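Right, one structure below, let's go through it.
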Amino acid sequence: MKRLLYTAVMLLCLSGCADRLPTAESPEGGLPSAGLMAKAVNTMEDAVSGNLLIYVSEDVASSLESDDDYMDSLAVAWGVSSIRRLFPAVEKTESRTRAYGLHRWYEVFFPEDSDVADMALMFSEKEYVQRIQFNNRMKKASDCISRQYVPSSSRMSARASSFNDPYFKDQWHYMNSGNVVPSAVAGADVNVADAWRLTGGDPSIVVAVIDEGVQYDHPDLAGNMWVNEDEIKNGSDSDGNGYRDDIHGYNFAGRGELSWARAGDSGHGTHVAGTVAAVNNNGKGVAGIAGGTGNRDGVKIMSCQIFDGHTGGSDSVIAAAVKYAADNGACIAQCSFGVNAGWAASDGVYKKYMSAEYEAFRYFIETSNCPDVLEGGLVIFAAGNEHTGIAAYPGACREFISVTSFAADYLPAYYTNYGPGCNISAPGGEYYTGGSSQDETAVLSTMPTEKIPLYDADGNLYDYSAVNYGYMQGTSMACPHVSGVAALALSYAKKTGRRFSNDEMVSMILTSVNDIDSRLSGSKRTLLINSSGEGYIGSMALAPFRYKMGTGAIDAWKLLMSVEGIPSFTVLAGGELVVDLEELFGGGASHLKYLGVEISDKDKASIGLNEAPLIQSGRLFIYPTKRGAAKITINAVAGGNMVGSDENTGGMKISKEISVLSRNIASGNGGWL
């Protein structure tokens, strides 16, 4: 539902005379000019008290930047405590900042007990104040409830990998063997173990976790934390980027050092970070999707903290964090937050209501921090948890990837949003998969190493967070799976010497999927929420989700194949895959002379290939016996029945490479992707 302007403000929006540029000698007064309605980009449904965002004319911006005394005198004239540029001036990025007009955004501060609506009305009377934005809050896309992980020697949820992370076996969301609970389905995962044979990550790829603070010294994260090499922890801004002591990122909500275990925190940021890039093959804890192979080759996590205890999540905090990420090397923005689904009806409404924030995201998308791989940056959002038939903003914006959530049963989680604005699906976990409470069916990842007190809406302590490792659920947990897989893709692009436009990479991500829609009929047993907000176990109809969960379920192997430009074919394990070679070699495929196929021993073992692939009448026949992924090269002769040589006239050897993905779930698209 569209936010409503404060009634008193609406009634006071009167037209009047224009202002002059202010001076210290002539405090301004007079009648309201164009009125607040003409300048306010949003409403004050959940506005932070004590400040506003304003977008000023170029003249005023220049004066504020060049003269501190002018800024102080203008604060007095305006009746505010202080004025601060929203995006600090930094020499190496200032030209780009100005090109995007971001230097004209200011944050004004006034006493907490001041009426925000009255202050906005006052600024609406200033001709040189061109936009006014109430500093509204967003929320995390998770219930923020964590449950303690207890290692189990008997439970084996994930297929074994070559890594020695002891808890990987319980990360069903990476490689699901279908035995975590009776309703679990083998293959309901992101299929990452086979992808790790090709790459585990690359430290030049930086993922900004825009969230609660990430515990940068966590034993399973420390090795993959981004480090600002130019900053010295000495209480000052050593590198001149506008932020003090930002060694592993910055706390934009608290304007200081990163934190992750204050009252009001939940471990959300640390959990998200572990899914993206917990250190792999280190003999500790869990694995991360792009956490490397144990050779210091994981992607890096930059902590851009926008929630701090009970504070944060406001437009100004988010905007500053996003621009910082762009200016300091991040190429993926991992965003598991948003507003309730349905408050904005279109991208245009979002871009107006969250003007400063959207402009920061646009700046991020158009900043190339891995220029050899990608022309800009990727923004990946959680779709939201309101069980609503539309994605939540900002994720619903067409320029961002929005991620829905499925459970271990390869069916939509009871809470996930779906429908318009939802682009792709990933495992987000669900405590009640199958109709009974199970910790193990949520997503397992890193948690802070100390307990965090958890409070209800009335401020009452009701529990503590999990410690070291724990389970959480939500589209917040689905989102970092896509961010991690995208980081793998960029790592592999660098390894293979390929470069893509943003549009190309987004299209590759959104088409590197497995079918989920063919399963969406009937119902599933899970937790349901009634109109009073009470939960109960019941049957959730699946038909409403069909064709509304995005393009399908993200598959890491398929995305790496897409990076290579290799087509992927999907087959049910134990079945027969038939590939029409006209798809690869053209219309004369049935008449070509084939020299056979090449497949490595590792790839044979991965898909359980007990007999060699057969080529007959222009078709390739493959019989995999187990779940896995493989690359196969098909060789043929163009121009005869043999390859030409010094002794013989013959044709030219030609080759095509394909990917075969053997799954426990049949694809609803006939296999071709």
Side-chain angles (χ1 to χ4, degrees), residues 46 48 137-149 207-222 225-226 243 245-278 285-286 301-314 316-318 320-321 324-325 334-339 382 385 428-429 439 442-477 479-480:
D46 193 18
V48 173
R137 298 180 182 90
M138 296 194 194
K139 63 177 184 176
K140 286 157 268 192
S142 170
D143 57 19
C144 292
I145 296 171
S146 58
R147 298 185 181 177
Q148 184 64 45
Y149 173 69
V207 179
V209 174
I210 304 174
D211 207 297
E212 287 184 14
V214 176
Q215 184 177 350
Y216 55 79
D217 60 354
H218 190 290
D220 220 359
L221 291 172
M225 291 301 301
W226 171 76
Y243 300 96
D245 294 341
D246 56 321
I247 305 297
H248 302 290
Y250 190 73
N251 181 349
F252 296 87
R255 293 195 61 79
E257 292 188 31
L258 294 170
S259 62
W260 50 82
R262 301 191 202 279
D265 288 332
S266 66
H268 192 273
T270 300
H271 196 276
V272 163
T275 298
V276 175
V286 296
I301 294 295
M302 175 192 292
S303 182
C304 296
Q305 185 174 352
I306 61 170
F307 298 103
D308 183 2
H310 295 292
T311 66
S314 65
S316 63
V317 166
I318 293 167
Y324 174 94
Q334 154 56 42
C335 306
S336 287
F337 59 86
V339 296
N385 302 329
D439 295 355
V443 169
L444 174 61
S445 187
T446 46
M447 290 292 293
T449 54
E450 56 186 296
K451 287 183 179 180
I452 306 169
L454 305 177
Y455 296 88
D456 62 22
D458 298 320
N460 300 312
L461 176 69
Y462 70 89
D463 203 353
Y464 289 89
S465 70
V467 178
N468 296 319
Y469 300 94
Y471 297 99
M472 297 185 86
Q473 67 171 11
T475 55
S476 274
M477 284 61 251
C479 184

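Given the structure is predicted, the values throughout are model-derived calculations rather than measurements.
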Using side-chain heavy atoms (C-beta onward) and a distance below 4.5 Å, is [X] in contact with [Y]?
X    : Y    : value
T270 : E212 : no
S142 : S336 : no
N385 : D143 : no
Y464 : L454 : no
Y149 : M447 : no
W260 : D217 : yes

What I want to check is whether the side chains of S259 and E257 have a donor and an acceptor closer together than 3.5 Å. no
Does a side chain donor of either S476 or H268 reach within less than 3.5 Å of an acceptor in the other side chain? yes
What's the shortest heavy-atom distance between [X] and [Y], and which atoms?
X    : Y    : value
A466 : G470 : CB-CA, 3.9 Å
A382 : C479 : N-SG, 3.5 Å
Y243 : A320 : OH-CB, 4.1 Å
I306 : I318 : CD1-CG1, 3.8 Å
A321 : I210 : CB-CG2, 4.3 Å
I452 : P448 : CD1-CG, 3.8 Å

First locate atom [atom1] of [X], then atom [atom2] of [Y], and finally report the distance between them rounded to the nearest 0.5 Å.
X    : Y    : atom1 : atom2 : result
I301 : H218 : CD1   : NE2   : 13.0 Å
D220 : T446 : CG    : OG1   : 7.0 Å
D265 : H310 : CG    : NE2   : 8.5 Å
Q473 : S146 : CD    : OG    : 11.5 Å
R147 : M472 : CZ    : CE    : 11.0 Å
S465 : I145 : OG    : CD1   : 12.0 Å

Check: [Y] main-chain N/O paired with [X] side-chain donor or acceptor under 3.5 Å:
X    : Y    : answer
Q148 : Y469 : yes
Q215 : T449 : yes
D456 : D458 : yes
D246 : G249 : no

Can you sort out the partners of F337 under ring pair (Phe, Tyr, Trp, His ring centres under 6.0 Å), two or more places apart, ordered by chain and number? F381
Excluding sequence neighbours, so at least two apart, what forms salt bridge (charged side-chain N to carboxylate O under 4.0 Å, His left out) with E450? none
Report the residues that fulfil salt bridge (charged side-chain N to carboxylate O under 4.0 Å, His left out) with K451, sequence neighbours left out, ordered by chain and then residue number. none
Check each of V207, V443, D211 against V272 using the side-chain contact (heavy atoms from CB on, under 4.5 Å) test, and report the only one that passes. D211
Evaluate the criterion side-chain contact (heavy atoms from CB on, under 4.5 Å) for residue pair V214 and L258; output intermediate values, then yes/no. CA-CA 7 Å; V214 176; L258 294 170; over 6 Å; no
Can you check side-chain contact (heavy atoms from CB on, under 4.5 Å) on M477 and T275, steps first, answer last? CA-CA 8 Å; M477 284 61 251; T275 298; 6.0 Å; no
Can you list the steps and then say if Y216 with W226 is a ring pair (Phe, Tyr, Trp, His ring centres under 6.0 Å)? CA-CA 9 Å; Y216 55 79; W226 171 76; over 10 Å; no
